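One structure is given below, represented as structure tokens, and several questions about it will come after.
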Amino acid sequence: MKYKALITRALPDAAQQKLSEVFDLVINPHDRALTHDEIILQIADCDALICLLTDTIDKAVIDAAPRLKAICNYAVGYNNIDVEYATAKGIVVCNTPGVLTESTADLAWALLMSAARRIVEGDQMMRRGEFPGWEPLMLLGNDVWGKTIGIIGMGRIGQAMARRAGGFGMKVLYSGSAAKALDFPATYCDLDSLLQQSDFISIHAPLTVQTRHMIGTPQFEQMKDTAVLINTARGAIINEAELVLALQNKTISAAGLDVYEREPALAQGLAALPNVVLAPHIGSASIDTRTRMAIMTAENAIAVILGQEPIARVN
Ligand code: DGY
């Protein structure tokens with residue numbers, strides 16, 4: 001008898017094929033996310049759940065699936081899952097670390113360069129037919145090379161971000177729970193020092209009770225007024241309404257965001273600001289990376305069901 005798995009949104013074919021060798025698959029037929037109620041309805045007799053970072057996997061979902069053995073998130077972040085409750089129920093929770101590290105760091109750098117050098121404002125000017133020709137004071141931005149970058153959270157993606165900074169001759173500061181043995185030059189410091197000394201600040205921490213709103217008005221007030229803030233981690237690490245004020249008042253110079261506090265909604269006023277570059281949560285969105293993530297998610301689910309150790313478990 002085959003096991004049964006619910007896939008809350010269609011994945012790349014290679015992963016679904018792998019899963020179908022072990023599972024009868026229930027795949028969301030819609031080109032939209034399943035609602036919480038739909039997940040509860042579909043999961044009743046499933047042994048594994050393959051879900052997205054946008055699915056809230058809480059007690060209600062877990063209680064609706066008495067046979068559930070594995071919750072496999074198609075993401076490295078897993079703040080959407082009640083891991084504590086899953087653990088209490090003996091359910092293994094898996095994620096996809098490592099395979100999206102470089103793509104996410106690439107995207108963070110794309111945002112950093114775009115925000116610093118005002119690429120989006122320039123693009124809009126060109127498309128509107130408003131380029132007046134070369135001008136001495138047009139669209140002056142911030143230099144990147146030789147500046148100081150502060151990395152909040154020196155995990156895999158933070159390190160990939162910092163390595164790229166070496167190519168721009170930047171000084172790297174980082175904060176987090178402890179100093180790390182790194183194979184590139186970087187200085188560990190407390191968050192306050194990082195905020196005060198950095199020209200660019202890039203967030204690479206997980207969203208937890210401790211990191212929710214760790215960046216808000218008091219932190220913006222410590223930053224340089226030329227600082228550029230980048231977030232490709234989770235939106236709720238920043239108080240987004242307070243970021244809007246900081247950008248409006250020029251408390252900081254600019255921001256580049258891939259993630260938002262209440263996705264897909266944006267804080268009021270954010271989209272009207274010229275000094276923010278907005279990407280639609282695409283840090284891992286390359287064909288290769290999303291395929292690698294999907295295969296890892298499938299392999300995690302299969303391993304748990306077959307009683308083997310998955311590639312990446314979080315509990
Ligand atoms: C993740 O994996 O957590 C990213 O936010 C999406 O790939």
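Just so it is clear, the structure is predicted and the values come from calculations on it, not from any experiment. In listed order, ligands and their atoms are each counted from 1. Residues take their numbers from the sequence shown, with the count starting at 1. Heavy-atom basis, side chains included; hydrogens, waters and symmetry copies ignored.
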key: From Arg117, Arg118, Gln124, residue fulfilling side chain to side chain donor-acceptor pair (under 3.5 Å) relative to Glu121   = Arg118

ask   = Does Thr208 have any side-chain contact (heavy atoms from CB on, under 4.5 Å) partners at least two apart in sequence or in another chain, and if so, which?
value = Pro206, Gln210, Thr211

ask   = Looking at residues at least two apart in the chain, or sitting in another chain, which of them share a side-chain contact (heavy atoms from CB on, under 4.5 Å) with Ala186?
value =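 For Ala186, the residues satisfying side-chain contact (heavy atoms from CB on, under 4.5 Å) (neighbours in sequence not counted) are Met154, Val172, Tyr174, Leu182, Phe184.
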
task = For this output row, return yes or no: ring centroids of Trp109 and Phe200 closer than 6.0 angstrom.
result =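 No, the ring centres sit 6.0 Å or more apart.
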
Residues in side-chain contact (heavy atoms from CB on, under 4.5 Å) contact with Lys171, at least two apart in sequence or another chain =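 Lys171: side-chain contact (heavy atoms from CB on, under 4.5 Å) contacts with Thr148, Leu173.
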
Which N/O atoms of ligand 1 sit under 3.5 Å from a protein N/O, and at what distances?
{"residue": "ligand 1", "atom": "2 (O)", "partner": "Val76", "partner atom": "N", "Å": "2.7"}
{"residue": "ligand 1", "atom": "3 (O)", "partner": "Val76", "partner atom": "N", "Å": "3.4"}
{"residue": "ligand 1", "atom": "3 (O)", "partner": "Gly77", "partner atom": "N", "Å": "2.9"}
{"residue": "ligand 1", "atom": "3 (O)", "partner": "Arg234", "partner atom": "NH1", "Å": "3.4"}
{"residue": "ligand 1", "atom": "3 (O)", "partner": "Arg234", "partner atom": "NH2", "Å": "2.7"}
{"residue": "ligand 1", "atom": "5 (O)", "partner": "Arg234", "partner atom": "NH1", "Å": "2.7"}
{"residue": "ligand 1", "atom": "5 (O)", "partner": "His281", "partner atom": "NE2", "Å": "2.7"}
{"residue": "ligand 1", "atom": "7 (O)", "partner": "Ser284", "partner atom": "OG", "Å": "2.6"}

ask   = Counting heavy atoms not belonging to Asn249, are there more than 12 under 6.0 Å from its CG?
value =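 Check passes, neighbour count above 12.
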
